[in-house]
Amino acid sequence: MKNPLRWVKDVISRMFRTKDFENFQMATAISDSMSAAIDNWVALYYNRPAYRRRGEPTLGLPAAIAHEMATTVTLEAQLRVHNAEKMVDMVEEQALNPRAQFIAESLKPLMEHLEAQVEYACAFGGLALRPYVSGGAVAIDFINADNFYPCAYNARGEITSAVFVEKKKIGTDSFIRLERHDMLGNGKYLVTNRAFRSIGQEAQADIGTQIPLTDVPEWADIAPEVPIEGVYEPLFAYFRMPSANIVDVSSPLGVSIYARAESAGLLKEADAQLNRMLWEYEGGQMAIDASVDAFKRDKNGNVVLPAGKERLYRVNELDPMSQSTMGKFSIFAPALRDSAYADGLNRILMRIEDLCCLSRGTLSDANEQMRTATELKINKQRTYAAVTSIQMSLQAAIEKLASGGSQPKTSQILSRCSRLTRSAISWYRSLMVLARMPVRLARSACVHFLSPRSVDNRILIMVISPLC
């Protein structure tokens, strides 16, 4: 598609016909500038930059930058599912309760593909994780930024509605399925699916005409609309790059790890510097300019150069009497300026490392050492801070994915009160006296503290502070 954002917006406006959406604003929460930036990051990652001329080599920096950052983020990553009582590794599934075992089993494929998916997220600014049922088990679908369109988000910048794009090609026809998730409030949730078909060259310019989902065998079992009750959070998670959005400050989407280097023009300049250096080697190759009468000729009158030496000799009309030549031969062997070009490229690479929060030596010459201890400390802190922020964002996305949009109901909270231990009841009574608040409110706070999501001691401060 030449302009995917345009046709997605057009289709979303006519995707829904139900009464619930008559007064709902049907538009994606992504600007044209943000969409263009994502397309540019995708092209850079796949080594198809707009500035590249046919046949020109590149350094492939975007993919290398994303890979290095993803490797660092996931190098020692571990995923743990725990009960309310203690933390348990995924390998110790016999110690988990049934619900925890189910979550651990469902998240196993995530760890198998984690590094590659984090690399895509680093390259494109973010990644959507969407659970679905396949073969009686829960699987996880990874949607890159170029196939994910947020439609609404709350005051905290969390995406609450989005459209997912799935593409298929059968013969010369292209098929597209749009799946929209919407939270309607009061625990109501709606998933809407639409399919479209375009024929031949139409796929390059238009999404095509709407067709029944049953026209595509893989989508035949998907319902056009699926209303769900008791859902209080989106049934998907968005893993966002934590750095500030330099393209559109109002967008809930993240930006690529190399967005700053690209906007500064350094990726383009690094590739240009590489080609200058390669041209220096090519243009500076030694050659011998030779007069045409210095060689034999074949029966057709063509000059015959020494076998295997054709590249060395360049036949010219030399003047044997000229002082600028040595008779019939003139040697061309200029001094190469490769060290100057290499030094310039190395400085560009170091600046790219700084903008992409990579340690010095990741892309640049490792022999270029920090001059002072302060510079070394700042360099390490920059990388550590970036990796830590990305890990925290990834952890939040996985936890949200595991929550499955659930929220404890009042009846469930009250039923847990009957199972409080003696120590918990003692704490509950102390909380009532301390807070001087109704029994029902104090009980809810106590149960929240004892719930599986609240086993951290820091939750104790969060519960007491609003009540004291």
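Hydrogens, waters and symmetry mates play no part in the numbers below; they use all other heavy atoms, side chains included.
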Atom pair CD (Glu399) and CG (Leu394), whose distance is rounded to the nearest 0.5 Å
10.0 Å
Straight-line distance of Leu253 CG to Phe124 CZ, nearest 0.5 Å
13.5 Å
Donor-acceptor pair between Tyr45 and Glu119 side chains, under 3.5 angstrom:
yes
Are Leu349 and Thr362 close enough that some pair of their side-chain heavy atoms sits under 4.5 Å apart?
no
Carefully, step by step, assess Arg240 and Glu158 under the rule salt bridge (Lys or Arg N to Asp or Glu O under 4.0 Å).
CA-CA 10 Å; Arg240 179 186 185 275; Glu158 299 171 342; over 6 Å; no
Side-chain heavy-atom pair Arg260, Cys356 within 4.5 angstrom cut-off
no
A side-chain contact here means heavy atoms from C-beta on lying under 4.5 Å apart; do Ile38 and Val247 qualify?
no
Report yes if some heavy atom in the side chain of Met277 is under 4.5 Å from a heavy atom in the side chain of Glu282; otherwise report no.
no
For Tyr189 and Asp182, does a side-chain donor sit closer than 3.5 Å to a side-chain acceptor?
no
Check whether any side-chain heavy atom of Asn193 sits under 4.5 Å from a side-chain heavy atom of Glu225, and report yes or no.
no
Restricting to side chain to side chain donor-acceptor pair (under 3.5 Å), what partner residues turn up for Ser359, sequence neighbours left out?
Thr383
Compare every heavy atom of Leu266 with every heavy atom of Ile348, then report the nearest pair and how far apart it is.
CG2-O, 3.8 Å
Please tell me if the side chains of Ile390 and Phe239 come closer than 4.5 Å, counting only heavy atoms from C-beta onward.
yes
Grab the two heavy atoms, one from Glu262 and one from Asn40, that are nearest each other, plus how far apart they are.
OE2-ND2, 2.9 Å
Atom pair OG/OH of Ser393 and Tyr238 - distance to nearest 0.5 Å
8.5 Å
If every non-hydrogen atom of Ser174 is compared with every non-hydrogen atom of Lys169, which pair is closest and at what distance?
OG-NZ, 3.5 Å
Start with the C-alpha distance between Arg197 and Asp215, add both sets of side-chain angles, then the distance that settles side-chain contact (heavy atoms from CB on, under 4.5 Å), and finish with yes or no.
CA-CA 10 Å; Arg197 175 186 179 183; Asp215 286 4; 5.9 Å; no
Any side-chain heavy-atom pair of Val387 and Met69 under 4.5 Å
yes
With rounding to the nearest 0.5 angstrom, report the CG to OG distance, Leu355 to Ser243.
11.5 Å
Report the C-alpha separation of Leu61 and Ile352 in whole Å, then their side-chain angles, then the decisive distance to 0.1 Å, and conclude whether the side-chain contact (heavy atoms from CB on, under 4.5 Å) test is met.
CA-CA 9 Å; Leu61 289 177; Ile352 291 175; 3.7 Å; yes
All pairs passing ring-ring contact (aromatic ring centres under 6.0 Å, His included) where residues 154-177 contributes a residue, at least two apart:
Phe148-Phe164, Phe164-His181, Phe164-Phe236
Around atom CD of Glu112, are there more than 12 heavy atoms of other residues, nucleotides or ligands at under 6.0 Å?
yes
Under a 4.0 Å N-O cut-off, is there an ion pair linking Arg347 with Asp343?
yes
Ile176 and Glu166: side-chain contact (heavy atoms from CB on, under 4.5 Å), yes or no, with the steps?
CA-CA 6 Å; Ile176 294 178; Glu166 182 180 359; over 6 Å; no
Show your reasoning for whether side-chain contact (heavy atoms from CB on, under 4.5 Å) applies to Leu110 and Phe142.
CA-CA 9 Å; Leu110 175 64; Phe142 305 97; 3.4 Å; yes
Using a strict cut-off of less than 4.0 Å between a Lys/Arg side-chain nitrogen and an Asp/Glu carboxylate oxygen, indicate whether Glu179 and Arg130 qualify as a salt bridge.
yes
Straight-line distance of Tyr51 OH to Leu44 CG, nearest 0.5 Å:
6.0 Å
Taking every non-hydrogen atom, the tightest pair across Asn346 and Asp365:
OD1-N, 2.5 Å
Please list, chain by chain and in numerical order, all residues satisfying side chain to side chain donor-acceptor pair (under 3.5 Å) with Ser250, sequence neighbours excluded.
Asp248
Nearest heavy-atom contact between Ala70 and Glu115 is CB-O, 3.8 Å
Partners of Glu56 by salt bridge (Lys or Arg N to Asp or Glu O under 4.0 Å), sequence neighbours excluded?
none
Check: Gln391/Gln395 side-chain N/O donor and acceptor closer than 3.5 Å
no
Counting distance only, does the side-chain N/O of Tyr258 pair as donor-acceptor with the main-chain N or O of Trp41 below 3.5 Å?
yes
Under the salt bridge (Lys or Arg N to Asp or Glu O under 4.0 Å) rule, collect the residues that match up with Arg337, sequence neighbours excluded.
Glu280
Between Ser389 and Ala385 (side chain of the first, backbone of the second, donor and acceptor by atom type, cut-off under 3.5 Å), is there such a pair?
yes
Per the salt bridge (charged side-chain N to carboxylate O under 4.0 Å, His left out) rule, what does the pair list look like for residues 263-278, sequence neighbours excluded?
Glu269-Arg276
Given side-chain hydrogen bond (donor to acceptor under 3.5 Å, both in side chains), test Asn47 with Thr58 step by step and report yes or no.
CA-CA 8 Å; Asn47 204 22; Thr58 67; 2.6 Å; yes
Within-4.5 Å side-chain heavy-atom neighbours: Leu129 and Asp141
no
Within this structure, what is the CG-CE distance for the pair Asp354 and Met350, rounded to the nearest 0.5 Å?
8.5 Å
I'd like to know if the side chain of Thr72 reaches the main chain of Glu68, judged simply by a donor and an acceptor atom lying under 3.5 Å from each other, with no hydrogens or angles considered.
yes
Show the nearest heavy-atom pair for residues Ile140 and Ser106, with the distance to one decimal.
CD1-O, 3.8 Å
Does Asn154 reach the main-chain N or O of Gly157 with its side chain, forming a donor-acceptor pair under 3.5 Å?
yes
Is it the case that more than 12 heavy atoms not belonging to Tyr132 sit under 6.0 Å from its OH atom?
yes
